[in-house]
Amino acid sequence: MITGYKAARNRPLTRGQKLSNHALAAVRAPVEHGFAHLKNWRVLSKVRTDPKLATALVRALLVLTNREVAR
């Protein structure tokens, strides 16, 4: 797991650390948006089935969401 740099009161971030945090945020943003979209699908809150079936359901919902966003 990769985490960003955090500034302390007496130690501000260097330019390289700020650039690294910015690059990490750019990579994380689409993933976070994807999770946010999946939370909108209420059917996922009621899934009480085999994880393999749930994975197939999540993949299908993700495809539908991507098609909707691409329009």
Side-chain angles (χ1 to χ4, degrees):
M1 185 154 117
I2 299 172
T3 58
Y5 294 98
K6 186 175 180 181
R9 288 184 184 168
N10 59 352
R11 185 184 51 85
L13 293 178
T14 65
R15 186 169 190 270
Q17 289 172 329
K18 287 181 183 180
L19 288 172
S20 177
N21 283 351
H22 185 74
L24 180 61
V27 171
R28 283 186 58 169
V31 175
E32 295 292 336
H33 289 139
F35 283 127
H37 285 297
L38 284 175
K39 287 180 182 180
N40 288 333
W41 295 89
R42 294 178 188 213
V43 70
L44 292 178
S45 65
K46 297 180 182 183
V47 172
R48 305 282 187 261
T49 185
D50 182 30
K52 290 180 184 177
L53 293 176
T55 301
L57 177 63
V58 169
R59 285 182 180 165
L61 292 174
L62 188 56
V63 167
L64 291 174
T65 302
N66 284 338
R67 288 187 59 110
E68 176 97 9
V69 171
R71 280 204 272 163

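In terms of heavy atoms, L13 sits closest to Y5 at CD2-CB, 3.7 Å. The nearest pair of heavy atoms linking P12 to A7 is CA-CB, 4.2 Å.
Every side-chain contact (heavy atoms from CB on, under 4.5 Å) that A8 has, sequence neighbours left out, goes to N10, R11. Under the rule for a side-chain contact (heavy atoms from CB on, under 4.5 Å), the partners of L62 that lie at least two apart in sequence or sit in another chain are N66. Applying the side-chain contact (heavy atoms from CB on, under 4.5 Å) criterion to R9, with sequence neighbours excluded, gives no partner residue.
The hydrophobic cluster of L19 has no other members, since no ILVMFWY side-chain heavy atom comes under 4.5 Å of it.
Legend: salt bridge (Lys or Arg N to Asp or Glu O under 4.0 Å) pairs involving residues 16-31, not counting sequence neighbours, sorted by first then second residue: R28-E32.
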